[in-house]
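Since the structure comes first, as structure tokens, the remarks are kept for the end.
None of these values were measured; they are calculated from a predicted model.
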Amino acid sequence: MHAILNLHEYEAAARACLGAGAWDYFQGGSEDELTLAENRAAFGRMKLRPRVLVDVTACDTSTRVLDVPVASPILVAPMGFQRLAHADGELATTRAASGAGTVMVASTMASVRLEDLAAVPGSTLWFQLYLFRDRAITMDLVRRAEAAGCRALVITVDAPRLGRRERDLRRGFALPDDLRAANLPPSSAGRLHEAGASGSAIARHAQSNFDAGATWETVAWIRSISTLPVVVKGILTAEDAKLARASGVAAIVVSNHGGRQLDGVLAAIEALPEVVEAVAGGCEVYLDGGVRRGTDVLKALALGARAVLVGRPLLWGLAVDGEAGVRRVLELLRDELALAMALSGRPQVARVDRSLVKFP
Ligand SMILES: Cc1cc2nc3c(=O)[nH]c(=O)nc-3n(C[C@H](O)[C@H](O)[C@H](O)COP(=O)(O)O)c2cc1C
Ligand SMILES: CCCCCCC(=O)C(=O)O
């Protein structure tokens with residue numbers, strides 16, 4: 001048995017470590033999972049145009065996001081309920097991100113309190129915010145994130161309701177009793193445990209708690225109550241990118257939520273160019289969805305992303321080996337990126353430019 005060589009092998013190894021309910025919750029997309037598949041397929045369609053005879057003796061993957069130095073442009077995407085993968089949950093992921101010198105985005109739906117994550121030595125924590133109908137809950141989360149020392153608020157804007165995740169519906173997915181949405185008031189979190197004969201408890205929770213009436217005015221409200229930089233996550237069009245820019249956000253995450261929300265939307269990497277063009281350098285742009293190889297990171301950077309966020313692969317690492325597994329997944333991706341930079345004649349992140357990729 002050889003050591004795990006790449007993220008695909010972590011996926012296979014994780015499957016053997018996880019129960020069927022957690023596996024389906026992690027892996028699943030919405031409806032026919034068309035967008036989930038597209039996120040990967042679109043990377044495959046893009047081809048690289050490498051340059052040669054460039055001195056690549058030293059390749060430097062470091063960069064800055066929102067003015068914070070990071071060891072690589074590979075950040076940790078917000079993902080809820082990580083204690084489904086490993087008893088240490090988000091604590092292990094935050095420690096691994098800190099060890100790897102990168103940003104951890106903690107989910108509103110984390111299964112560890114955000115104050116405990118912020119206390120991890122050397123961590124750079126951003127807090128992902130779901131918008132609640134009860135603004136007092138949202139306000140309280142913002143205040144706690146600020147007090148804990150989080151460096152940015154990442155507002156997820158693609159989930160007024162949960163996408164139709166049929167794997168979870170079929171299983172009647174609900175949280176086990178020993179796992180809590182640790183940052184929510186008990187009055188709001190309780191329904192996440194209500195298993196039903198059919199239907200997903202988290203979908204019911206989202207429908208009764210999330211603010212389906214949220215608009216750009218709500219983003220303006222968040223900006224008015226906090227001095228933290230605001231990032232909006234879940235933008236896929238130039239039109240919305242311009243509105244985001246006009247609303248004064250510091251960054252945009254081009255994302256389709258890993259194919260878990262509206263099925264049939266374009267792959268995140270395909271949406272990236274129009275968003276980058278629309279904001280014209282007015283704010284930072286990141287991408288997530290389907291990043292599994294260093295060459296995927298390279299392609300996203302070439303199309304104008306400042307960084308990528310990685311989702312499921314970190315859960316696979318977490319399930320297989322806790323903090324060490326997450327750390328290894330981040331290391332593998334960073335090493336692959338450094339190699340891809342060398343083989344494409346781009347020894348620094350700043351030298352990765354649009355001419356490196358060709359769309360079909
Ligand atoms: C199990 C799971 C839980 C997630 N939870 C959240 C969340 O709480 N907030 C959020 O904004 N996005 C959430 N996402 C979406 C991720 O932040 C990210 O957009 C997506 O996973 C990226 O795609 P990838 O998994 O293909 O890398 C979740 C994704 C997964 C797989
Ligand atoms: C109560 C709804 C929580 C959503 C769970 C986290 C998430 O965004 C996901 O994609 O799953």
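Under the 4.5 Å side-chain contact rule for hydrophobic residues, Tyr10 and Leu309 do not share a cluster. Linking Ile, Leu, Val, Met, Phe, Trp and Tyr whenever their side-chain heavy atoms come within less than 4.5 Å puts Leu266 and Val279 in one cluster. Residues Val65 and Val249 do not share a hydrophobic cluster, clusters being chains of Ile/Leu/Val/Met/Phe/Trp/Tyr side chains in contact below 4.5 Å. Connection of Tyr286 to Leu337 is not established within any shared hydrophobic cluster, with ILVMFWY side chains joined at heavy-atom distances below 4.5 Å, either directly or through further cluster members. In the hydrophobic clustering of ILVMFWY residues, with side-chain heavy atoms under 4.5 Å counting as a link, Leu314 and Val112 come out together.
No salt bridge links Asp321 with Arg328; every basic N to acidic carboxylate O contact stays at or beyond 4.0 Å. A salt bridge links Arg45 to Glu270: at least one charged side-chain nitrogen sits closer than 4.0 Å to a carboxylate oxygen. A salt bridge does not link Asp24 with Arg165: none of the charged nitrogens is closer than 4.0 Å to a carboxylate oxygen.
Interatomic distance, CG of Leu179 versus NE2 of His193, reported as 7.0 Å (0.5 Å rounding). Atom OG1 of residue Thr94 and atom CG of residue Leu117 lie 4.0 Å apart, to the nearest 0.5 angstrom. In this structure, CG in Asp240 is found 11.0 Å from NZ in Lys242, a value given to the nearest 0.5 Å. Taking CG of Asp353 as the reference point, atom CZ of Arg49 lies at 9.0 Å (rounded to 0.5 Å). Here the CG atom belonging to Leu75 is positioned 4.5 Å from the OG1 atom belonging to Thr102, to the nearest 0.5 angstrom. Here Met139 contributes atom CE and Trp221 contributes atom CH2; the two are 5.5 Å apart, rounded to the nearest 0.5 Å.
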Next item on the list: Take Glu336 and Thr295 through the test side chain to side chain contact (heavy atoms under 4.5 Å, CB included) and record every step on the way to the result.
Entry: CA-CA 7 Å; Glu336 287 181 4; Thr295 47; over 6 Å; no
Item checked: Criterion side chain to side chain contact (heavy atoms under 4.5 Å, CB included) on Met79 and Thr93, from CA distance to verdict -> CA-CA 10 Å; Met79 288 175 291; Thr93 311; 6.0 Å; no
Next item on the list: Start with the C-alpha distance between Leu303 and Arg354, add both sets of side-chain angles, then the distance that settles side chain to side chain contact (heavy atoms under 4.5 Å, CB included), and finish with yes or no.
Entry: CA-CA 5 Å; Leu303 290 181; Arg354 182 68 182 79; 3.5 Å; yes
Checklist line | Leu129/Thr156 under side chain to side chain contact (heavy atoms under 4.5 Å, CB included): CA gap, chis, key distance, verdict | finding: CA-CA 6 Å; Leu129 196 60; Thr156 297; over 6 Å; no
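When every heavy atom of Val329 is checked against every heavy atom of Gly317, the shortest pair comes out as CG2-CA, 3.9 Å. Considering all non-hydrogen atoms of both residues, Val56 and Gly345 come closest at CG1-CA, 4.0 Å. Scanning both residues, Ala189 and Leu184, for their nearest heavy atoms gives CB-CB, 4.0 Å. Leu318 and Ala85 get closest at one heavy-atom pair: CD2-CB, 3.8 Å. Here the closest heavy-atom approach between residue Phe81 and residue Ala181 is recorded as CE2-CB, 4.1 Å. Here the closest heavy-atom approach between residue Leu272 and residue Ala300 is recorded as CD2-O, 3.4 Å.
No donor-acceptor distance shorter than 3.5 angstrom exists from the side chain of Thr35 to the backbone of Asp263, with no hydrogens or angles considered. A donor-acceptor pair is defined here as one N or O able to donate and one able to accept, closer than 3.5 Å; no such pair exists between the side chain of Glu90 and the backbone of Arg113. Looking at Asn183, its side chain does come within 3.5 Å of a backbone N or O of Leu114 through a donor-acceptor pair. For the pair Arg334 (side chain) and Thr61 (backbone), a donor-acceptor distance under 3.5 Å is absent. Looking at Arg133, its side chain does come within 3.5 Å of a backbone N or O of Gln207 through a donor-acceptor pair. Although no hydrogens or angles enter the test, the distance criterion places a donor-acceptor pair under 3.5 Å between the side chain of Ser247 and the main chain of Ala244. Using a distance-only test at 3.5 Å, with no hydrogens or angles considered, no donor-acceptor pair links the side chain of Arg306 to the main chain of Glu284. A donor-acceptor contact shorter than 3.5 Å is absent between the side chain of Asp288 and the backbone of Gly258. The main-chain N or O of Arg293 is found under 3.5 Å from a side-chain atom of Asp296 such that the two form a donor-acceptor pair. Not a single donor-acceptor pair under 3.5 Å links the side chain of Lys233 to the backbone N or O of Ser255.
In this structure, Pro78 and Met109 have side chains that are not in contact, with every pair of non-hydrogen atoms separated by 4.5 Å or more. For the pair Ser123 and Met104, the minimum side-chain heavy-atom distance is 4.5 Å or more. Between Leu287 and Ile269, the closest side-chain pair of non-hydrogen atoms falls below 4.5 Å. Looking at Ile222 and Thr138, their side chains come closer than 4.5 Å, going by heavy atoms from C-beta outward. Residues Phe127 and Leu125 form no side-chain contact, since every pair of their non-hydrogen atoms from C-beta on lies 4.5 Å or further apart. Counting heavy atoms from C-beta on, the side chains of Val103 and Val76 never come closer than 4.5 Å. Inter-residue side-chain proximity for Phe43 and Arg292 is flagged as unmet; no heavy-atom pair is nearer than 4.5 Å. No side-chain heavy atom of Leu48 sits less than 4.5 Å from a side-chain heavy atom of Ser344.
Enclosure of atom CZ in Arg144 by more than 12 non-hydrogen atoms of other residues, nucleotides or ligands within 6.0 angstrom is indicated. Summarising the local packing, CD of Glu277 is surrounded by 12 or fewer heavy atoms from other residues, nucleotides or ligands at distances under 6.0 Å. Within a 6.0 Å radius of CZ in Arg223, other residues, nucleotides and ligands contribute 12 heavy atoms or fewer. Heavy-atom contacts from other residues, nucleotides or ligands closer than 6.0 Å to CZ of Arg64 number more than 12. Enclosure of atom CZ in Arg51 is not indicated, since only 12 or fewer non-hydrogen atoms of other residues, nucleotides or ligands lie within 6.0 angstrom.
Using modelled atom types and a 3.5 Å distance limit, the side chains of Trp316 and Gln27 yield a donor-acceptor pair. Side-chain polar atoms of Glu274 and Thr237 form no donor-acceptor pair below 3.5 angstrom. Side-chain atoms of Arg164 and Gln261 form no donor-acceptor pair, as typed in the model, at a separation below 3.5 Å.
Seen from the ring of Tyr25, Arg260 counts as a face-on cation partner, given the 6.0 Å and 45° thresholds.
Classified by interplanar angle (parallel below 30°, tilted 30° to 60°, perpendicular above 60°), the ring pair Tyr130/His257 is parallel.
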